[in-house]
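See below for the structure under consideration.
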Amino acid sequence: MKKCYKCGAEIEDSALKCPVCGATQVTDQGEDLGKKITDGFGKFNDTKETTSEYDARDIENNKVFAILSYIGILFIVGLIAAPKSKFARFHANQGIVLFIIEIALGIVSGIVSFIPVVAGIVSAVIGLVSLVYMVIGICNAASGKAKELPVIGSISILK
């Protein structure tokens, strides 16, 4: 008997899906691949969370502004519409940092644009990384969490 990589339930060695949680099981050499990917992302996204420091009403009333903070320059909306919201301000700060880094990486991409293949790869990687960070931030905001983005989340621009 082996254990499901996702929920830990004991399952038959030949099972392709876990009967408890339904997770597809990977066999042979890739047996632990799903667990490694899940664990790796978990470690990457294991950042400081300060949700307990925020008022529940503030979080509930300003989730939309927090979500918008991760979509380009829309971090400004929350700063204007909810200037006293600590929750919206936290996410606006995360969004500003992400926006500035995206601009800086865009400049780097422009600099290497004279090398066609390299420029395409660099642009694709920048776009993918930006998208991942946006999704992480939006998911945190939508679930009412004040959780820093991986790597860049500790940078504070707004006080």
Side-chain angles (χ1 to χ4, degrees), residues 2 4-8 15-18 21-51 54 59 62-83 85-159:
K2 66 181 181 178
C4 171
Y5 80 90
K6 187 173 183 184
C7 73
L16 297 177
K17 288 193 177 260
C18 174
C21 71
T24 302
Q25 303 298 304
V26 183
T27 58
D28 298 346
Q29 294 176 332
E31 188 169 302
D32 294 327
L33 180 62
K35 184 172 181 359
K36 287 179 183 176
I37 291 171
T38 303
D39 290 349
F41 182 75
K43 288 177 187 174
F44 173 71
N45 196 32
D46 185 21
T47 58
K48 183 178 177 183
E49 183 176 346
T50 57
T51 308
Y54 296 82
I59 292 171
N62 295 295
K63 276 185 185 178
V64 171
F65 301 126
I67 291 167
L68 290 175
S69 294
Y70 296 97
I71 305 172
I73 198 158
L74 293 181
F75 61 82
I76 293 172
V77 174
L79 293 175
I80 294 169
S85 170
K86 187 177 174 187
F87 185 71
R89 194 169 190 79
F90 170 84
H91 287 286
N93 182 76
Q94 300 282 290
I96 290 169
V97 171
L98 181 58
F99 185 67
I100 290 170
I101 289 172
E102 288 171 342
I103 289 172
L105 292 175
I107 292 169
V108 169
S109 178
I111 291 171
V112 298
S113 65
F114 63 91
I115 308 171
V117 175
V118 174
I121 293 170
V122 169
S123 293
V125 169
I126 290 170
L128 183 60
V129 169
S130 293
L131 180 63
V132 167
Y133 272 79
M134 287 172 65
V135 168
I136 291 171
I138 289 170
C139 288
N140 287 339
S143 62
K145 293 181 184 175
K147 185 172 163 78
E148 294 179 352
L149 292 172
V151 184
I152 64 172
S154 61
I155 301 169
S156 182
I157 294 174
L158 298 175
K159 300 293 179 202

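Hydrogens, waters and symmetry mates play no part in the numbers below; they use all other heavy atoms, side chains included.
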Using the rule given for side-chain contact (heavy atoms from CB on, under 4.5 Å), can you reason through I136 versus N45, listing the C-alpha separation, both sets of side-chain angles and the distance that settles it, and then say yes or no?
CA-CA 8 Å; I136 291 171; N45 196 32; 3.6 Å; yes
[atom2] on [Y] to [atom1] on [X], rounded to 0.5 Å:
X    : Y    : atom1 : atom2 : value
S109 : E102 : OG    : CD    : 12.5 Å
D46  : K147 : CG    : NZ    : 5.5 Å
I138 : L68  : CD1   : CG    : 8.5 Å
F75  : I96  : CZ    : CD1   : 4.5 Å
T47  : I152 : OG1   : CD1   : 10.5 Å
F99  : S69  : CZ    : OG    : 12.5 Å

Crowding at NZ, K6 (>12 non-hydrogen neighbours, <6.0 Å)
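Atom NZ in K6 is not crowded, with 12 or fewer foreign heavy atoms closer than 6.0 Å.
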K63 NZ: over 12 foreign heavy atoms closer than 6.0 Å
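It does: K63 NZ has more than 12 such atoms within range.
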Least distance between heavy atoms, [X] atom then [Y] atom:
X    : Y   : result
G78  : F65 : CA-CB, 3.6 Å
A66  : F87 : CB-CE2, 3.6 Å
G144 : T51 : O-CG2, 3.2 Å

Run the side-chain contact (heavy atoms from CB on, under 4.5 Å) test on I157 and I100 for me, step by step, so that the C-alpha distance in whole Å, both residues' side-chain angles and the decisive distance to 0.1 Å come before the verdict.
CA-CA 11 Å; I157 294 174; I100 290 170; 3.6 Å; yes
Counting distance only, does the side-chain N/O of N93 pair as donor-acceptor with the main-chain N or O of I155 below 3.5 Å?
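Yes, N93 side chain to I155 backbone: donor-acceptor pair under 3.5 Å.
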Side chain Y54, main chain K145, donor-acceptor under 3.5 Å:
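No, Y54 side chain to K145 backbone: no donor-acceptor pair under 3.5 Å.
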Non-neighbouring partners of N62 that pass side chain to side chain donor-acceptor pair (under 3.5 Å), sequence neighbours left out:
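Expected list: D58, S85.
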Partner residues of Y70 under the ring-ring contact (aromatic ring centres under 6.0 Å, His included) criterion, sequence neighbours left out
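So Y70 forms a ring-ring contact (aromatic ring centres under 6.0 Å, His included) with H91.
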Looking at V112, L105, I111, V117, which hits side chain to side chain contact (heavy atoms under 4.5 Å, CB included) with V122?
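Only one option passes, and that is V112.
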